[in-house]
Structures are given as structure tokens and as C-alpha cells.
There are 2 protein chains.
Amino acid sequence: MSKVAPTLEDVAKVAGVSRATVSRVVNGTRNVDPDIQETVRNAIEQTGYTPNRVARSLVTRRTGTVALVISGAGGGSDVFTDPFFGRVTAGVVDFLRGHSVHPVLMLADSDHARTEVVEFLRQGSADGALLVSTHPADPLPARLLDAGVPSVLYARPGSPMPVSYVDMDHRAGGRLAADHLVAAGRYNITAISGPMDVLASQDRHAGFRDAMARHGFPYVPTVEGGFTAESGAAAMHQLLSECPDLDAVFAANDLMAQAAVDVLLEHGLRVPDAVAVVGFDDSAPALACRPQLTTVRQPVERMAAQMADLLLADLEKPGQRPRSVIFEPELVVRASA
Amino acid sequence: MSKVAPTLEDVAKVAGVSRATVSRVVNGTRNVDPDIQETVRNAIEQTGYTPNRVARSLVTRRTGTVALVISGAGGGSDVFTDPFFGRVTAGVVDFLRGHSVHPVLMLADSDHARTEVVEFLRQGSADGALLVSTHPADPLPARLLDAGVPSVLYARPGSPMPVSYVDMDHRAGGRLAADHLVAAGRYNITAISGPMDVLASQDRHAGFRDAMARHGFPYVPTVEGGFTAESGAAAMHQLLSECPDLDAVFAANDLMAQAAVDVLLEHGLRVPDAVAVVGFDDSAPALACRPQLTTVRQPVERMAAQMADLLLADLEKPGQRPRSVIFEPELVVRASA
DNA sequence: TTGATGTGTGGGAGCGCTCTTACAACGTTG
DNA sequence: CAACGTTGTAAGAGCGCTCCCACACATCAA
């Protein structure tokens, strides 16, 4: 079954033309006699020829793949359990497939792994990198930039650097949540923030706090969570013991919000009657949760697609100045608040 | 920043040796004078040399990547929302990274996409394929086999063919659920099956039905679902109207089980007091569900890793006879049944 | 006619690497 | 001391492709 793959030369021999002519037909058919084109096409058909992508890559310096790098996540490969990364993947794959580009999945959760990613890209195994980096201290963006690898980030880099990225206005998202809770007449409003070493968490919380202050609530009892269900539950418990009379919670993502709802229910506190809960992201848990979560939507799929779009544009004509695209959040009102 | 990458030749010039010697040092250092090795290593350091993987691939006929193909799913890119695929990805990535192999993600949900996958692999852009194919009628496994592409399937092929695969004993899983429900003293036991054109669904249901019959329940009211939350909810509604006095439900995956629990709760039926619910898979929704789901565990990550292992083994020494590895399910008893 | 322009085709270099072959330098042995 | 391995190195072919250049031929203005 493992017949030797026919080469350009084989096709040329069958068609009675030169290698170059076959190549012209295979690629952007330019200046080739229609009759000969026909002959060549038949020969290709007959031999079952498929161009060898590796050989082509060697000379064109393009592979038709990009690296999709999940970086900085300490958690290893269980990141794929987080609905967020699934959505990023979906958005990226969906966009790239229309351009015949394929993503190579890489995890960069250790220094060793990061080096491997940089090597991989420097070696030209992929044309560029799509970087989902969660921690601002992640050295990978800078190393990729240094190595001259075309990259686009999901979320702005931890320190200023000339690189393209997509992001969302997380502050505005926090504001949306605060406005909604205050407008609903809640008084003892609390928050479960994301990990404070993540920019998105900082921004969401800052936006929330600022808006609360503007509404006359200078202090918001807050417990820091870790974006996981467990941390959300723990935070909710702590919040409950510190502020037994709370009537609202803003959680920095849906996973934590869902866990918070569970804890509240266990304590006999009805949602939203006794306590209103607002989540963040609008991912699968928001809909699975009972009551369904009122949440701030982050258009992850569209952002991921945009990220891929920016990268392909940069690959197309290199050396453009970096670009950034910021998405606006949107409040999705459901049952929980 | 986009300096021209140094080549083997450049390093050789700096070190004052030949290209071949540098190559020997870079790869399995065989028969090279230690002093010269040292010199070469310094030269590599000095020039910042990184071997060009594409050029190497051209001659070695190996790329160091494999395709991870999600096939047959009609649903497009939202498959990544399904926790199942996230778990497969996690298992594959986790295993491959230890072998410096990277997965290229491909969706084969249309005929066009399938052709692209076959081309991609025939062109030698990846060394082999990891195929997660849900429908037995999927033509991709056969096409890949025809093209001589080393492949391993997740789940046995729809029609017999000489190909390696990993699978689970889904019948045993169904049996486990039936035994548990009967042992718990349930009498009006019902089922929400998966889509009947999926082998795993057929097996889970057949195993369940057989065991039920052995326990003296010749008929199990069943509604077919589609592995999604919506379909699970709809099925539960239908079941409820057809058998108002049901006291147990076996759902063919956790997503549907969770939805079923919600519907039951809405109807004022307490879980597990009034109705016991058993899910399948033991994925994220099983834990997120209130009450937490008693479920049949499918060790997806381990199975995915095994799949990758089989593929690498076949790549290592080709032409081995196909192998299959079948995993045993395990009942995880939680609160719902 | 001559040259300028344009179109279609073949030949050959070269992308960066691996691997086989040839050969030099060194023992070791009968 | 000739004959023979053994070890370390260089040279060169070649993986399959693209792309540049040369060339053959046709067309058209001067």
C-alpha cells in the first residue's frame, strides 16, 4: 500500500513536458498553453500526483500551518477542560480552515516547553504563532518577538511591546455587571475576582469597583478566586461568612459563578430572590447553571478568529505595524440576576 | 529582527569543519573527536544555529507532527464545546509532548474537508493520523487506509478494516448502569440513548437493555437523544409524558443526564429520591450537576493517550499488524443515583 | 529587413539537510 | 615492513520543489 509517491518529474515525463511546466500548471497557471494544461492535468490524474508540501515549504519558506500556543497555564493539559480554551480553539480552527491553514497545538506551561515552542517556530515548522498567554509575566511573547516570529496575542502583553493582539474591554465588562446589580436594587454587593496576576482579572475587577464607587459604593467585599469551580465555591463560602447579609455576587467567570450559585443554594439562599449572581464570559456553564446565569459575554470565538485573521494578514504582507482589536462586552440577562 | 537563519554550512565555516561533521554533532553524535565536538558546539552557540526542520523532513520523510482529525461531526467547529473533544485533545497533547511530536488539529465535517485531510497527509505534512470519527458511515478511515497513511482510530471502524484503534467496552458500561439501578431497587427504569447511528450509543444501549432483561425487565422505555443538553431535555420531557411514574433514567452521556436532572427538578421530582439518574462519561458536567452525577466513567484521556502511543509505535516500526486496545468502564457513584 | 516586444517552454541552480562513499591518518598484526 | 583494520573527516549526491534565466517563436512598429 505504501507505493512511492509520484513526483513532479514523473508527471512531466508522462505529459511529455518539463518539470517547470507542470509546476506552473499545479500552481497559479500562468502562461501555459491550454492544450498543454489539459495534457498535464491528465497526467496528474493518471499518476495520482500530490505535490509534496515539505519540499515546497523548503523553498517557499511557508508551511501553511500556524502554532496555537497555550502559554503560562500552570495547570498542564487540563486547560482543555476549561471551556475558554475550547472556544478559542473553535474560533481559530473555524477561521483558518477557510484559508487552508492548520493550527498546531502547543502547550507552553514550563520553561522547557517554551523553549521548544520557540525552537519549533524558529525552525520554520510553522509560519507564525497564535498566543493565548494568561500571565503578564510570561516570557514567551518577548522571546517570540526576539526570534522574529510573526505572532498575535490574545490579550494585551504584560509589558508594552510591538506586537499585535486582540482583547476585550474587561473594565467595561465589570462596569456592566455593577450597573446591572445596582439598577436591580441590590445593596450588599460582593465580588469573586479572578486571579489577580492575570490582567483580565485586574481589569474586570477595576471596572467593577470603579462603577460601584460611582454608584456610591466605595467598598466592595471581594475574595480572590482562581477561575476554577473549586476556587469559586471556596470564595463563596468565605464571602458568606464575612458578609452574611450579602444580596449580590459578581463572579469573574461563569465557572466560579456556577459554583457560587451551588453554594448559595446549599445555604438555603435562593437565586436570584435572596442573592443575585452575575457571571462573566457567557460560556457553557452559564446555560447549564440553574438558574441560568446572567453574565457578561466575551465573544471568545470571534476574538480568536480575529486573532487568526491578524496573523494571516501579517504573514501575507510582513512588516506591517502591529495592530490591536478591542472587543466590547455585552450583558446577557438571564435568570440569576 | 528577521535576520537570515544560519545554516549548517555557516556553522561549519565558523568551526572550520565540514557540513557533515556539524550534522553528526547535531544529531546522534557518532565518531566525532571530542575536541571537534566542542568546537562545533561553540560555533553553534555563536551563530545561534537552529536546524531547519523542513529541510530535514524533506530527506528523512518525517515531520514530527501528526494530524488530530475530528471527523464526521456534522456540527462544525462547536464540537470543541463538547467536553469529550477537549478531553481527547488533552490526552493526546499530554502524551505527544513527551515525544516532541505535535498535533495538527483538523476538522473533517464535510466532503471537501475530508479530501483536504487526505491530501494533507498524502503530501507528507504530517506523519500519521489520529482519527476521532463518530459515525460508522464515515468514509475517512477507509480513504486514509487506501492512501497508506498510518492511522489510529478512536472507536472501532464502522466496517471491518485492518486498522489500529482504541475503544471502550460500552456494553459493559451500559450493564454497569443497569445493575446499579436495579440494585438500588428501582422498578420503572427508563433510558435516554445516544444517537443510534453511533456505534458507541448502540453498544451502551444494548448492554443496558441486555442487563435489564437479565434482571427481569424485558422492556425499557427509551427515547433517542443526540448527546446534547437540548436533546437530553427534550427526551426527558417525552419520557415523563409517556411514563409519568418512572423512577430512574439512564442517560447515554453526562450532558444529557444533566439536562434530564434539570427537567426532573422543574417537575418537582427530586433526584435521587423520586428519580435516580445515571450518566455516562464522567466529564465536567457530572461534577457541575446538582446533585452530582452517578456516572459510568470513560477514561477518555487515557484512551486518547493510548491512541497516540499506538500511532507513534507504528511510525517507529511500520508495517506491524493493527492493534486494538479496549478499556473497561467503571461506575462512579455520586449523589444522583 | 531589423529590432523591439511578448508569450510559452525547458534547463539549471539552489532551498538546508542527511547519508553514502571515499579517503586520510593512525594503530595493530604476521 | 607490508597488509590490514579502525577511526575521523570531507565531498558530493540527492530529497521534490520553485524560480530565474535563456531561448524559441510569433507579432508588430520602424
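Just so we're on the same page: letters track the sequence lines, and every chain starts at 1.
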Asker: Rounded to whole Å, how long is the line connecting atom CZ of Arg62(A) with atom C1' of dC19(D)?
Answerer: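 Rounding to the nearest Å, CZ of Arg62(A) and C1' of dC19(D) are 17 Å apart.
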Asker: Side-chain N or O of Ser18(A) versus OP1/OP2 of dT9(C): is the shortest distance under 4.0 Å?
Answerer: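 Checking dT9(C) against Ser18(A), no side-chain N or O comes under 4.0 Å of OP1 or OP2.
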Asker: Roughly how many Å is it from CG in Asn52(A) to P in dG14(D), rounded to a whole number?
Answerer: 18 Å
Asker: Consider the side chain of Arg61(B), meaning its heavy atoms from C-beta on, and name the nucleotide among dG10(C), dG16(D), dT18(D) that approaches it most closely.
Answerer: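 Shortest atom-to-atom distance from the side chain points to dG16(D).
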Asker: When all nucleic acid strands are considered with a 4.0 Å heavy-atom cut-off, which category describes Val54(A): base, sugar-phosphate, or nothing?
Answerer: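 No contact.
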Asker: Using whole Å, report how far CG of Leu8(A) lies from C1' of dC15(D).
Answerer: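 The answer, rounded to whole Å, is 13 Å.
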Asker: Does the side chain of Gln37(A) pick up a donor-acceptor pair with the side chain of Arg41(A) at under 3.5 Å?
Answerer: yes
Asker: Could you tell me the separation between the CD atom of Gln123(A) and the P atom of dC15(C), rounded to a whole number of Å?
Answerer: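 It is 19 Å, rounded to the nearest whole Å.
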Asker: Within this structure, what is the CD-to-P distance between Glu38(A) and dG8(C), rounded to whole angstrom?
Answerer: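 Taking atom P of dG8(C) as the reference, CD of Glu38(A) is at 17 Å.
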Asker: Would you tell me whether Ser71(A) and Asp138(A) have side-chain atoms, one donor and one acceptor, within less than 3.5 Å of each other?
Answerer: yes
Asker: Please compare Thr21(B) and Ala55(A) by the position of their nearest nucleotide in DNA chain D and report the one closer to 5'.
Answerer: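 Residue closer to the 5' terminus by nearest nucleotide: Thr21(B).
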Asker: Should the pair Asp309(B)-Arg302(B) be classified as a salt bridge under the 4.0 Å nitrogen-to-oxygen rule?
Answerer: no
Asker: Base, sugar-phosphate, or nothing for Arg53(B), non-hydrogen atoms under 4.0 angstrom?
Answerer: nothing
Asker: Between dG12(C), dG14(C), dC15(D), which nucleotide has the shortest distance from any of its atoms to the side chain of Leu58(B)?
Answerer: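 So the nucleotide nearest the side chain must be dC15(D).
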Asker: Base of dG10(C), side chain of Arg24(A) - is there a donor-acceptor contact under 3.5 Å?
Answerer: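 Donor-acceptor pair under 3.5 Å: yes.
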Asker: Is there a donor in the side chain of Thr47(B) and an acceptor in the side chain of Asp10(B), or the other way round, less than 3.5 Å apart?
Answerer: no
Asker: Measure from the side chain of Arg19(A), starting at C-beta and using heavy atoms only, and say which of dA13(C), dC19(D), dC17(C) lies closest.
Answerer: dA13(C)
Asker: Is the distance from OP1 or OP2 of dT18(C) to the nearest side-chain N or O of Ser23(B) less than 4.0 Å?
Answerer: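 Affirmative; the distance criterion is met.
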Asker: Glu9(A) CD to dG14(D) P: how many Å, rounded?
Answerer: 12 Å
Asker: Taking Asp146(A) first and then Arg143(A), would you say they form a salt bridge - that is, a charged N and a carboxylate O separated by under 4.0 Å?
Answerer: no
Asker: For the side chain of Arg56(A), starting at C-beta, report the closest nucleotide among dC15(D), dG10(C), dC17(D).
Answerer: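 Shortest atom-to-atom distance from the side chain points to dC17(D).
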